[in-house]
Chemist: 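Structure below; questions to follow.
Everything quoted here is computed from the prediction, not taken from an experiment. Quick note: residue numbers are just sequence positions, from 1. Indexing begins at 1, ligand by ligand and atom by atom, following the structure's order.
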Amino acid sequence: MLTIENIEVTYHHTLQALRGLSLEVPEGKIVTLLGTNGAGKTTTLKAASNLLQLENGQIGDGRIIFRGQSTKGVPPDKLVQRGMFHVREGRHIFTEMTVDDNLIAASYALDGSSRKPDYDKVYDFFPRLRERRGQIAGYLSGGEQQMLAFGRAMIAQPRLILMDEPSLGLAPKIVEEIFSTIRRLNEEDGASILLVEQNAGVAFQVADYGYIMESGQIVLEGPVAKLKEDPDIRSFYLGVA
Ligand code: ATP
């Protein structure tokens, strides 16, 4: 679904954020990317969705292949139409617009295709959003805003969802809810998912495969069942001896 091969990324032509990073998201799988603050996780997602240019980030060597085609020079909105949806950190919903209008705005991803947005499906998935569909999105709770961000992704009917720290700042109960949604998106819609997290405990509950990055490079990778047994991962990321 997504192959990132040996990419180098610099910001402002000086700060090197990614140093020959490679990873793969196979079709239908959930892959998690873990790492400490500043390791380059968000940069990796922005490189994949071509949002780096907006921030003075440049991809140097390397290549990114999405559904068999290079993403080089493809505008972000075209990648959305090709089936990639990036749920950004901080959610990036339209806080001044209603819940309904946020979902309608996401349907532009389907322009030019014969597919129709399925609003009922989102509201069946998230009954709490249905109750608040006329409300201004900025007044939703943090967990509801994250649900809306996922709802927008569902409207776009992506084949690949890039998720940037969906658990950030949410209470444990809401995190459980959000992660069961991630599993459903994968199982029911067959969406492949690249999940960036700091919370390895929850990421490992849903992911098939994991990559650990430090200073712009992958330092460890493997099936989640195996990573969970790794002594360094257990002490550093899972907080168990
Ligand atoms: P966190 O978990 O804290 O979000 P991260 O692993 O997602 O961290 P990135 O946000 O990708 O890390 O940042 C990687 C490096 O690139 C950091 O050194 C960061 O300061 C730098 N960086 C990120 N965005 C920019 C930008 N727009 N301009 C300049 N430098 C940036």
Chemist: For residues 63-75, which side-chain donor-acceptor pairs fall under 3.5 Å, sequence neighbours excluded?
Modeler:
residue : atom : partner : partner atom : Å
R63     : NE   : E5      : OE1          : 2.9
R67     : NH1  : R82     : O            : 2.8
S70     : OG   : K72     : N            : 3.1

Chemist: Just wondering, more than 12 heavy atoms not from Y139 lying within 6.0 Å of its OH?
Modeler: no

Chemist: Heavy atoms only: give me the nearest T32-L195 pair and the separation to one decimal.
Modeler: OG1-O, 2.9 Å

Chemist: Residues around ligand 1, heavy atom under 4.0 Å from any ligand atom, sorted by chain and number. Can you pull those?
Modeler: Y11, H12, L15, A17, T36, N37, G38, A39, G40, K41, T42, T43, E55, E89, E165, Q198

Chemist: Tell me every residue that passes side-chain contact (heavy atoms from CB on, under 4.5 Å) with A106, counting only those two or more places apart in sequence or in another chain.
Modeler: R152, I155

Chemist: Run through N37, L34, T36 and flag the one making a side chain to side chain contact (heavy atoms under 4.5 Å, CB included) with Q198.
Modeler: N37

Chemist: With sequence neighbours left out, write down each residue that passes side-chain hydrogen bond (donor to acceptor under 3.5 Å, both in side chains) with D189, or none if nothing qualifies.
Modeler: K121

